[in-house]
Amino acid sequence: MQTSAELKKLLQRIDHKGYPAYKDTRGSYEFPGYVLSIDHVQGDPFAAPSKVSIHVRGKQAGFPEHLYQKDCRRIAVQDYLLRQFARQVEKVSFKAKGSGKSGLMAVSRPGQEVLERSACQMDAKNGDIVLRMEIGFPANGRTVNARELEKIFFDFLPECVKGSLYYRSLKKEAVETAADLAEDQAYIREQLDSMGLCAFVADGAILPRESGVSGRPMKDAVRFQSPESLSVTLTLPHHGKLTGMGIKKGITLIVGGGYHGKSTLLKALETGVYNHIAGDGREYVITDDTAMKIRAEDGRSIRDVDISMFIRNLPNGKDTVHFVTQDASGSTSQAAGVAEAVEAQTKLLLIDEDTSATNFMIRDVLMQRVVHGSQEPIIPFIDRVRELYEKEGISTILVAGSCGSYFHKADLIIQMNRYEPVDITEYAKTQAKEFPLAQSENPAYKKSSHKRCPKASKRADDRVKIKTTGLDTICINKENIDVRYIEQLVDSEQLNALGYMLAYAQKHLFDGKKTLLQITDELYEKIHRDGIESVCGLSYVPAGLALPRKQEFMAVVNRYRG
């Protein structure tokens, strides 16, 4: 390791040379209170910025052990530090001048969810901190402008580190609050099962968002208030007593008029698999962390999925136990989604009527009378929803605005009225007696014994190029994976991580012998043991990675046409 003084001399030596001279700066340098590591140097000022990391030893950072020894607290503190560092960096980015990306200083900008990210990591044993970022090394044309880079390394960056990565420089109450909140959220999630719940929504929660493109809470929104019949009270480790609506395991129906908050509640439950920052409004909206949103996905790829619980006896004789298609219909895609969720060991399905295939969800009495069951290959979800709960332990929360048939199947019916929930179970059940369901003649549910063992269709390339587009697409070596409808992906950095994870699994784990679930478990064990960098295959750790859930990894594999 070299000293900061040696880095300054090096910069003076290469000043005004050709841009490739910056390659000489690669290495680690001891600065007062931290180590600066230049991990990857860009090829020219117009290329992707250089990768830089900052290492602060635990003793120098000074964070008390109780803030990082428990995973949920450590991840929350990492998230807090990253947000503080991002605010500092925003003030100085592009203050150093030059051509192309010269002077850019960028770090991950988290949204409302608290995720484990490669951008900021804290060692659970000793409190060491690593923060990763990108810097555009300044140039005049394609000539080194070392004086401007010297400003970044010796003026701007030390101030950013000083203001955000040392415990003594931060508001201690704010750091403690972030960690305590995460521990309270983890506590609620741990209590759900023993309380017979699949989700919890605290009184006072703000569910509506500012806009369709903003995750921030809507101003002056109606705050959530639990119906008395569904109210439960928890005593949290830090917050103390907290009251809210407990949604019991089983089949829950959310109904109401348009624009009254049905889908808003469901969306909050979708993202309730993640912790949220203080002030988000959904801090205490907590959902079973295996929950999966299921919807129709016309045109998606399906490979070797057993959809026979919903679809059988196709007129073309196609096998539905080992179903394969490159262009699924709405009903077959939703059937595959449920089957894949069962395989991913979900305990809660989240479904919105608006994004479902009608013929997959229901066949009314008149349609059954006109088109006989022997001529219909689809067993609708309404005929399986009860069996999924009783035989697999999988609950369902369903938003319905037009189909009342599910009243017969539901254990709990919540009506959203101007964003306020009302328990109408007894009333709805009474009314439903006047509209009896037709008796189902479908075969009883049978647990699938089909085991899928992915095998790479071709030899994986040693060099992998991964590109992502927002929350829509992951591209691995020019092969696109459409992930638009994996709706619980909330951050583009999750897609970045999924790209590397899938490339690694394809090369090392898809052997045709292990099941997809076994592969997923093995992959996550490696990541938890060796870090996300262990599956990247790079000489440095990318800054922009956020760890997704196992369910999202399996969902991406299921949509990978390669």
Side-chain angles (χ1 to χ4, degrees), residues 111-113 185 188 192 197-232 242-248 250-274 276-277 279-288 291-295 348-356 361 395-407 409-429 431 485 487-488 490:
Q112 301 297 103
E113 291 77 20
Q185 292 166 334
I188 298 172
L192 289 179
L197 304 178
C198 60
F200 174 83
V201 185
D203 290 345
I206 302 172
L207 306 188
R209 298 296 92 187
E210 190 175 63
S211 71
V213 294
S214 171
R216 291 191 293 268
M218 179 184 288
K219 294 178 181 177
D220 303 320
V222 175
R223 289 182 176 269
F224 191 88
Q225 183 63 46
S226 172
E228 190 174 336
S229 59
L230 303 179
S231 182
V232 297
L242 180 69
T243 301
M245 181 176 77
I247 300 179
K248 291 184 178 180
I251 302 160
T252 298
L253 198 60
I254 302 173
V255 301
Y259 302 97
H260 279 258
K262 303 186 302 296
S263 295
T264 300
L265 174 56
L266 188 71
K267 189 67 180 177
L269 294 172
E270 285 174 36
T271 59
V273 297
Y274 302 110
H276 289 81
I277 59 172
D280 171 77
R282 300 167 297 181
E283 299 97 317
Y284 297 114
V285 178
I286 306 295
T287 309
D288 183 306
M292 293 187 71
K293 172 71 184 298
I294 306 297
R295 58 166 294 155
L348 175 61
L349 301 177
L350 304 171
I351 302 176
D352 193 332
E353 180 186 78
D354 283 352
T355 56
S356 295
M361 297 300 294
S395 300
T396 297
I397 299 177
L398 168 66
V399 166
S402 61
C403 178
S405 297
Y406 278 89
F407 287 151
K409 301 288 184 176
D411 300 305
L412 170 65
I413 304 166
I414 300 170
Q415 179 180 351
M416 295 302 292
N417 183 8
R418 300 177 185 270
Y419 288 92
E420 294 183 1
V422 182
D423 181 359
I424 62 165
T425 307
E426 187 176 339
Y427 171 74
K429 289 284 190 182
Q431 297 301 311
Y485 300 129
E487 295 185 29
Q488 287 165 288
V490 294

Inset, instruction - Output all residues satisfying ring pair (Phe, Tyr, Trp, His ring centres under 6.0 Å) with Y406, sequence neighbours left out; order by chain, then residue number. - result: none
Legend entry - Distance, nearest 0.5 Å, that separates CD1 of I351 from CG of L266: 9.5 Å
Legend entry - T287 side chain vs L269 backbone, donor-acceptor pair below 3.5 Å: yes
Inset, instruction - May I ask you to decide whether E270 forms a salt bridge with K267, counting only side-chain N to carboxylate O separations under 4.0 Å? - result: yes
Inset, instruction - Verify whether one side chain among H276 and E113 offers a donor that lies under 3.5 Å from an acceptor in the other. - result: yes
Legend entry - Note, F200 side chain near I247 side chain (heavy atom, < 4.5 Å): no
Legend entry - Validation row: I397, I254 side chains within 4.5 angstrom (heavy atoms): yes
Legend entry - Pairwise distance CD(E353) to CG(L398) - rounded to 0.5 angstrom: 7.0 Å
Legend entry - CG on L242 to CD on E283, rounded to 0.5 Å: 10.5 Å
Legend entry - Partner set under side-chain hydrogen bond (donor to acceptor under 3.5 Å, both in side chains) for N417, not counting sequence neighbours: none
Inset, instruction - With sequence neighbours excluded, tell me which residues meet side-chain hydrogen bond (donor to acceptor under 3.5 Å, both in side chains) with Y419. - result: none
Inset, instruction - Please examine the side chains of V232 and T243, heavy atoms only from C-beta on, and report whether any two atoms are closer than 4.5 Å. - result: no
Legend entry - All side-chain hydrogen bond (donor to acceptor under 3.5 Å, both in side chains) counterparts of E487, not counting sequence neighbours: K293, R295
Inset, instruction - Please name all residues satisfying salt bridge (Lys or Arg N to Asp or Glu O under 4.0 Å) with D423, sequence neighbours left out, ordered by chain then number. - result: none
Inset, instruction - Would you list the pairs meeting side-chain hydrogen bond (donor to acceptor under 3.5 Å, both in side chains) in which at least one residue belongs to residues 252-266, sequence neighbours left out? - result: S263-D352
Inset, instruction - Sequence neighbours left out, what passes side chain to side chain contact (heavy atoms under 4.5 Å, CB included) with Q225? Give chain and number order. - result: D203
Inset, instruction - Report yes or no: does E420 contribute a side-chain atom to a donor-acceptor pair with the main-chain N or O of M416 at less than 3.5 Å? - result: no
Legend entry - Residue list, side chain to side chain contact (heavy atoms under 4.5 Å, CB included) with Q431, at least two apart or on another chain: Y427, E434
Inset, instruction - Would you please name every residue forming a side chain to side chain contact (heavy atoms under 4.5 Å, CB included) with A205, sequence neighbours left out? - result: V201, L207, F224, V285
Legend entry - M245 side chain near P227 side chain, heavy-atom distance below 4.5 Å: yes
Inset, instruction - Mind checking side-chain hydrogen bond (donor to acceptor under 3.5 Å, both in side chains) for S395 and listing every partner two or more places apart, or none if nothing turns up? - result: none
Inset, instruction - Go through the structure and list residues passing side chain to side chain contact (heavy atoms under 4.5 Å, CB included) with F407, not counting sequence neighbours. - result: L253, V255, I413, A428, A432
Legend entry - Ionic contact status for D280 with R209, cut-off 4.0 Å: yes
Please report, to 0.1 Å, the donor-acceptor pairs under 3.5 Å made by any side chain of residues 210-218, with sequence neighbours excluded.
| residue | atom | partner | partner atom | Å |
| --- | --- | --- | --- | --- |
| E210 | OE1 | S214 | OG | 2.9 |
| E210 | OE1 | R216 | NE | 3.3 |
| E210 | OE1 | R216 | NH2 | 3.0 |
| S211 | OG | V213 | N | 3.3 |
| S211 | OG | S214 | N | 3.3 |
| S214 | OG | R216 | N | 3.2 |

